[in-house]
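Numbers here are sequence positions counted from 1.
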Amino acid sequence: MNYDKIVICLDMAGCPNRCKHCWVGHWPNGKLTEVDLRYVADQFRPYTACLIVDDWYREPDYRDNYREMWELCQELSDEHEEHYELASFWRLVRDESYADWLVERGVKKVQLTLFGGREKTDYYVGRRGAYDEILKSIDILLEHKMVPRIQFFVNQDTVVELPKVEKLIDELRLEERCRALGEEFVFFMHQGGCDGENEQFYDIWITPKDIKQLPKRMVDWTLKHFEASNLDEVFGRTEEELYHELITDTSTQELAEKEPVFFVDQYLNVYPNRSTPRDYWCLGNLKTDVIETILKNYAENKSPAQQARLTVPICEMVKKVGNPKSQRLFTKGDYVDYVLNQY
């Protein structure tokens with residue numbers, strides 16, 4: 001039961017936001033310690049030739065001692081990774097030294113998410129003032145020669161907000177300012193996966209009718225980002241089409257991977273990084289279960305969700321929870337995951 005590589009991500013501090021699209025879900029903020037981080041790393045280390053340790057899976061650099069935590073994760077990891085192109089806009093506007101620290105880590109781009117104007121973005125981020133902080137963060141990034149990459153989650157509620165974001169991009173001269181730093185401005189939109197908090201928006205999920213409302217320039221940016229030739233490659237097909245394709249598919253699937261990524265929550269429950277960390281994905285608890293049992297549960301697909309995908313044909317799941325008349329758009333992989341979680 002040894003692996004070439006294992007990545008473990010601990011939810012050590014939680015998140016300042018409660019984003020309504022968040023696929024990992026909303027959980028109370030915890031406070032795991034450096035001792036906890038070392039303990040978890042020590043549990044997994046004997047079972048891999050390469051262990052990678054991260055101290056977050058919701059909000060990066062959220063702890064006040066984020067610098068020390070970064071160094072500790074580097075110490076505990078067998079490979080030293082670059083900082084992700086994800087950063088905390090919450091911290092960017094509160095910590096004057098944070099941007100310089102990101103630059104020192106080699107960060108050149110940072111992804112930020114908008115849902116429209118001020119009211120809509122604050123609503124979806126779950127915190128008043130988020131929109132203004134994102135705009136301030138854009139200026140801070142550019143002043144430090146880092147460029148913003150703007151992500152937009154589309155549903156029937158947010159699609160009408162796209163012209164506001166396009167206007168904002170022009171007002172902030174983002175294409176010009178990124179070009180001045182030798183980088184292209186990047187914007188992309190998608191619907192995300194229908195899991196975690198995003199499940200609540202199934203009723204207003206994007207459809208082919210809504211696709212017609214997407215501004216052309218934003219479509220062009222999106223296609224370029226995804227290296228796609230058309231929007232079908234980005235947004236997928238209707239649930240109706242996918243239902244009728246999968247209703248005759250008797251296949252099952254083993255979800256255990258050769259180089260797994262594990263989420264460890266504040267209670268030290270362990271989950272595969274496959275979908276939202278819920279009970280039916282749980283592999284065990286590092287306080288009450290030995291690590292051998294947890295890894296065996298993963299390898300043998302013993303979490304309820306893994307077991308279902310391994311033993312129940314996808315056609316049976318689709319028949320039970322799918323909608324044969326729905327025009328909602330999904331990529332095939334996202335739809336299979338949605339069906340599995342609903343099942």
Side-chain angles (χ1 to χ4, degrees), residues 13-24 26 29 56-63 66 83-103 105 107-155 157-181 183-192 196-198 201 214-215 217-218 221-222 225:
C15 183
N17 308 315
R18 290 296 180 267
C19 295
K20 291 178 172 56
H21 71 287
C22 184
W23 68 276
V24 295
H26 292 172
N29 288 352
W56 66 279
Y57 62 74
R58 286 201 282 169
E59 177 82 348
D61 310 324
Y62 184 36
R63 289 171 58 116
Y66 62 91
H83 196 286
Y84 296 102
E85 292 181 348
L86 298 172
S88 172
F89 73 84
W90 179 90
R91 183 161 296 285
L92 269 172
V93 301
R94 290 170 173 81
D95 182 341
E96 292 182 359
S97 66
Y98 182 48
D100 288 326
W101 183 82
L102 290 173
V103 171
R105 306 280 82 72
V107 177
K108 293 180 172 60
K109 298 176 183 177
V110 171
Q111 185 164 295
L112 299 168
T113 301
L114 289 168
F115 298 89
R118 178 176 289 105
E119 181 180 353
K120 198 66 70 175
T121 295
D122 284 359
Y123 170 75
Y124 276 89
V125 174
R127 183 166 58 82
R128 186 174 297 175
Y131 177 84
D132 292 331
E133 290 180 11
I134 292 170
L135 265 57
K136 186 176 179 181
S137 292
I138 289 173
D139 285 334
I140 292 172
L141 291 171
L142 290 166
E143 288 167 4
H144 288 79
K145 296 182 169 50
M146 293 180 284
V147 297
R149 179 174 61 227
I150 305 300
Q151 172 180 229
F152 190 100
F153 284 90
V154 186
N155 60 39
D157 180 48
T158 62
V159 67
V160 294
E161 297 279 310
L162 279 165
K164 293 182 183 179
V165 175
E166 185 177 19
K167 182 180 178 183
L168 175 70
I169 289 167
D170 288 336
E171 290 175 347
L172 296 179
R173 299 182 296 109
L174 292 186
E175 287 185 286
E176 176 187 339
R177 294 165 76 186
C178 290
R179 199 178 303 119
L181 295 175
E183 299 282 351
E184 282 195 62
F185 169 67
V186 176
F187 168 93
F188 66 99
M189 54 189 166
H190 60 131
Q191 72 272 58
E197 297 305 311
N198 220 16
F201 299 117
L214 305 180
R217 189 162 54 141
M218 303 180 108
W221 285 332
T222 297
H225 172 74

Test: D170 and R217 ion pair at under 4.0 Å: yes

Side-chain donor or acceptor of D132 paired with backbone N/O of R118 under 3.5 Å: no

Side-chain heavy-atom pair L102, H144 within 4.5 angstrom cut-off: no

Does some side-chain heavy atom of E59 sit less than 4.5 Å from a side-chain heavy atom of P16? yes

All side-chain hydrogen bond (donor to acceptor under 3.5 Å, both in side chains) counterparts of K164, not counting sequence neighbours: E161

Could you check if a side-chain atom of Y66 sits within less than 4.5 angstrom of a side-chain atom of S88, using non-hydrogen atoms only? no

Run the side-chain contact (heavy atoms from CB on, under 4.5 Å) check on I140 and F89 step by step: do they pass? CA-CA 10 Å; I140 292 172; F89 73 84; over 6 Å; no

Between CG on residue L141 and CD1 on residue I134, distance to nearest 0.5 Å: 11.0 Å

Does the ring center of W56 lie less than 6.0 Å from the ring center of Y84? yes

Rounded distance (nearest 0.5 Å) linking atom OH of Y131 with atom CG of D122: 9.5 Å

Looking only at heavy atoms, which two atoms of R63 and A13 are closest? And how far apart? CG-CB, 3.4 Å

Between G14 and R58, the two heavy atoms sitting closest are CA-NH2, 3.1 Å

Would you say M218 and V165 make side-chain contact, with heavy atoms under 4.5 Å? yes

Contact between F153 and Q191 at the side-chain level, heavy atoms closer than 4.5 Å - yes or no? no

dist F188:CZ -> F152:CZ (nearest 0.5 Å) comes out at 12.0 Å

Working to the nearest 0.5 Å, report the span between CD1 of I138 and CG of L135. 5.0 Å

Enter the distance from H26:NE2 to N17:CG here, rounded to the nearest 0.5 Å. 9.0 Å

Would you say that T222 contacts F187 through its side chain, given a criterion of any heavy-atom pair below 4.5 Å between the two side chains? yes

Just how far is it from atom SG of C178 to atom CZ of R173, taken to the nearest 0.5 Å? 11.0 Å

Can you give me the closest heavy-atom contact between F115 and H21, atom names plus distance? CZ-ND1, 3.2 Å

Closest contact, heavy atoms only, L86 versus P60: O-CG, 3.8 Å

What residue pairs, at least two apart or across chains, pass salt bridge (charged side-chain N to carboxylate O under 4.0 Å, His left out) with a residue in residues 92-103? R91-D95, R94-E133

Under 6.0 Å from the ring centre and within 45 degrees of the ring axis: does the NZ or CZ of K20 meet both conditions for the six-membered ring of Y123? yes

Please walk me through it: do L168 and L174 pass side-chain contact (heavy atoms from CB on, under 4.5 Å)? CA-CA 9 Å; L168 175 70; L174 292 186; over 6 Å; no

Work out which heavy atom in L114 is nearest to a heavy atom in T121; give both atom names and the distance. CD2-OG1, 4.0 Å

Given the options T158, T113, D157, Y124 meets side-chain hydrogen bond (donor to acceptor under 3.5 Å, both in side chains) only with D157

Checking side-chain polar atoms at under 3.5 Å, does H83 have a donor or acceptor matched by the opposite partner on D61? yes

Answer yes when E183 and K108 have at least one side-chain N-carboxylate O distance shorter than 4.0 Å, and no when they do not. no

Any donor-acceptor pair under 3.5 Å from R177 side chain to L172 backbone: yes

